[in-house]
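Letters go in sequence order (proteins before strands), and every chain restarts at 1. The figures that follow rest on heavy atoms only: side chains count, while hydrogens, waters and symmetry mates do not. Please read these numbers as outputs of a predicted model, since none were measured by experiment.
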2 protein chains.
Amino acid sequence: MTQQTAKGAETRRLLLNTALRLFAKEGFAGTTMRAIARESGVSLGNTYYYFESKDAIVHELFRNLVEQHRSASWPLLVPGNNLETNVRLSLEKSLEILSPFHEFGPAFIRTAFSGAQDELAETRRALELELWRQVVATARPLPPLAIRQDLPQLLRLVQRGVFLFWAYDSSVDAKRSRRLVKNVAPAIARLVVLSRMPVVRSILDDVISLVRPAT
Amino acid sequence: MTQQTAKGAETRRLLLNTALRLFAKEGFAGTTMRAIARESGVSLGNTYYYFESKDAIVHELFRNLVEQHRSASWPLLVPGNNLETNVRLSLEKSLEILSPFHEFGPAFIRTAFSGAQDELAETRRALELELWRQVVATARPLPPLAIRQDLPQLLRLVQRGVFLFWAYDSSVDAKRSRRLVKNVAPAIARLVVLSRMPVVRSILDDVISLVRPAT
DNA sequence: ACAAGCTTTTGAACATGTTCAAAAACAACT
DNA sequence: AGTTGTTTTTGAACATGTTCAAAAGCTTGT
């Protein structure tokens with residue numbers, strides 16, 4: 001199914017690069033599998049030897065973006081930042097990295113929310129969580145102990161929400177999404193502080209009970 | 001494009017019914033436009049005369065479900081219910097009505113979140129809002145005045161969230177979605193009560209500023 | 001060098017969503 | 001009844017995602 005030899009890996013890389021270039025130029029729907037094959041100087045069938053489907057190519061592209069997001073956000077999480085700053089920076093960086101791919105929103109969502117339990121989805125999830133753990137761990141003051149444990153998963157949930165919003169955000173330059181982030185970051189920070197209050201805590205518990213078993 | 005005469009309307013209805021039946025039996029992806037045409041005793045081209053695309057059929061189906069949800073929830077909103085009960089009943093009814101169409105989740109989402117500004121989307125939005133206005137208006141005690149105005153839009157937002165969750169919920173019988181509703185309803189009610197507190201109010205303001213201009 | 005068994009590549013087919021020009025059916029008017 | 005214009009219907013084509021059996025290349029062991 002996938003590549004085993006050096007030559008195979010090379011072809012695969014070639015196809016992925018071509019696909020990326022065409023996607024950028026012609027958009028997702030506007031790029032045909034035949035075009036990807038032709039521009040790569042490879043047969044159509046061969047393309048399917050390396051990628052199960054057109055969506056699978058997007059899936060891989062998406063995973064790359066998640067990786068980029070993580071590594072680009074990491075150095076921003078410097079000591080001295082409070083939670084709000086960390087959250088805002090990470091979310092903003094995510095929008096920044098996604099911005100050239102707005103047209104893929106729906107396709108991304110299909111892969112991001114597919115509910116697939118395969119390895120790729122699992123590593124993606126782990127990658128995302130790692131970032132949000134770092135966001136929490138480097139924030140000062142540290143969030144209340146009672147919530148510290150679950151906060152990364154909550155933040156990941158928030159990110160998914162922002163991502164969804166962005167995917168269907170048709171405002172120019174995703175202005176509305178950027179405003180959302182600007183508003184959400186302080187809201188989160190406040191909520192976290194308030195999590196000491198039993199009423200707020202119980203609401204958070206409701207939400208946490210959702211992220212715990214899955215998603 | 002669409003039907004003008006009685007016969008045309010008849011053909012359209014026939015196609016829609018056949019599509020619905022086939023969707024239920026074979027699933028969305030499993031139902032081909034050719035099958036719909038064949039089973040209706042109509043040519044393929046004619047099907048496209050009445051429905052712009054396969055998605056357009058789903059779009060119409062979805063609108064019908066929204067309508068059903070509204071009219072089925074209405075009688076449940078009896079005097080004496082508090083907000084939590086009303087919210088829970090409406091959300092549960094929504095899951096109940098959607099349940100036979102779980103497989104359409106992604107397709108529904110495409111139409112529900114397409115961001116299209118056409119008439120169909122606008123009437124759907126109005127229909128939804130009307131229900132949530134009723135949910136708020138019939139609840140006792142009435143929600144705090146400061147938030148009463150915006151609450152319907154907030155609740156509609158919550159419903160969209162639940163809908164998204166449901167669409168990608170792969171648990172059997174959408175158990176997780178049902179639990180979500182069970183947890184969300186009291187959380188909402190508590191939040192509304194707490195909205196008198198400035199801190200909570202400011203968070204809600206952040207969210208409200210999002211639903212106000214659009215979505 | 002050769003055989004056996006992988007991996008890679010190809011080319012042709014298939015299935016299905018969608019388009020379109022032309023035919024048929026129908027309605028309205030004279 | 002006949003003409004004219006509109007709505008409905010058809011059938012054939014097209015575009016593109018996907019599958020598959022067979023050919024070609026490569027690697028490894030003899």
- Task: Please list residues of residues 35-44 of chain A whose heavy atoms come under 4.0 Å from any atom in DNA chain C, ordered by number; otherwise none.
- Result: A:V42, A:S43
- B:Y48 has an atom OH; how far is it from atom P of C:dA22, in whole Å? 22 Å
- Quick note, B:M33 side chain, CB onward, closest among C:dT9, D:dG17, C:dG17 is C:dG17
- Query: Are the side chains of B:L154 and B:I208 in touch, meaning some heavy atoms are under 4.5 Å apart?
  - Reply: yes
- Note on the structure: Taking C:dT18, C:dT9, C:dC26 as options, the one with an atom nearest any side-chain atom of B:R34 is C:dT18
- How close or far is atom P of C:dT16 from atom CD of B:E26, stated in whole angstroms? 11 Å
- Could you tell me whether A:F163 and A:F62 have their ring centroids closer than 6.0 angstrom? yes
- Expressed in angstrom and rounded to an integer, what is the separation of B:E10 atom CD from D:dT8 atom C1'? 14 Å
- salt bridge (charged side-chain N to carboxylate O under 4.0 Å, His left out) partners for A:D173, two or more places apart: none
- Would you please confirm or rule out a distance under 4.0 Å between OP1 or OP2 of D:dT10 and any side-chain N or O of B:N46? yes
- Starting at CZ of A:R12 and ending at C1' of C:dT9, how long is that distance when rounded to a whole Å? 16 Å
- Regarding the side chain of A:Y49, the nearest nucleotide among C:dT7, C:dT18, D:dT16 is C:dT7
- Message: Is the phosphate of C:dT9 approached by A:T11 (side-chain N or O, under 4.0 Å from OP1 or OP2)?
- Response: yes
- Task: For side chain to side chain donor-acceptor pair (under 3.5 Å), just list the numbers for B:T11 and B:N46, CA-CA rounded to whole Å, side-chain angles, deciding distance to a tenth of an Å, and then say yes or no.
- Result: CA-CA 9 Å; B:T11 306; B:N46 204 9; 5.4 Å; no
- Task: Write down the distance between OH (A:Y50) and P (D:dT19), rounded to a whole number of angstrom.
- Result: 17 Å
- Specify the residue among B:K7 and B:T32 whose closest nucleotide of DNA chain C lies further upstream toward the 5′ end. B:T32
- Message: With heavy-atom distances below 4.5 Å as the criterion, would you say the side chains of A:L77 and A:S90 are in contact?
- Response: yes
- Task: On the 0 to 90° scale, with breaks at 30° and 60°, tag the B:F108-B:W166 ring pair as parallel, tilted or perpendicular.
- Result: parallel
- Message: Once you apply a heavy-atom cut-off of 4.0 Å, does A:T47 come out as touching a base, just sugar-phosphate, or nothing?
- Response: nothing
- Query: Which nucleotide sits closest to the side chain of B:T5: C:dG17, D:dT7, D:dT9?
  - Reply: D:dT7
- Task: Send over the distance from B:R13 CZ to D:dT8 P, rounded to a whole Å.
- Result: 13 Å
- A:K54 has a side chain; which of C:dT10, D:dG17, D:dT8 sits nearest to it? D:dG17
- Message: Evaluate B:T85 against B:N82 for side chain to side chain donor-acceptor pair (under 3.5 Å), listing each step before the verdict.
- Response: CA-CA 5 Å; B:T85 306; B:N82 57 19; 2.6 Å; yes
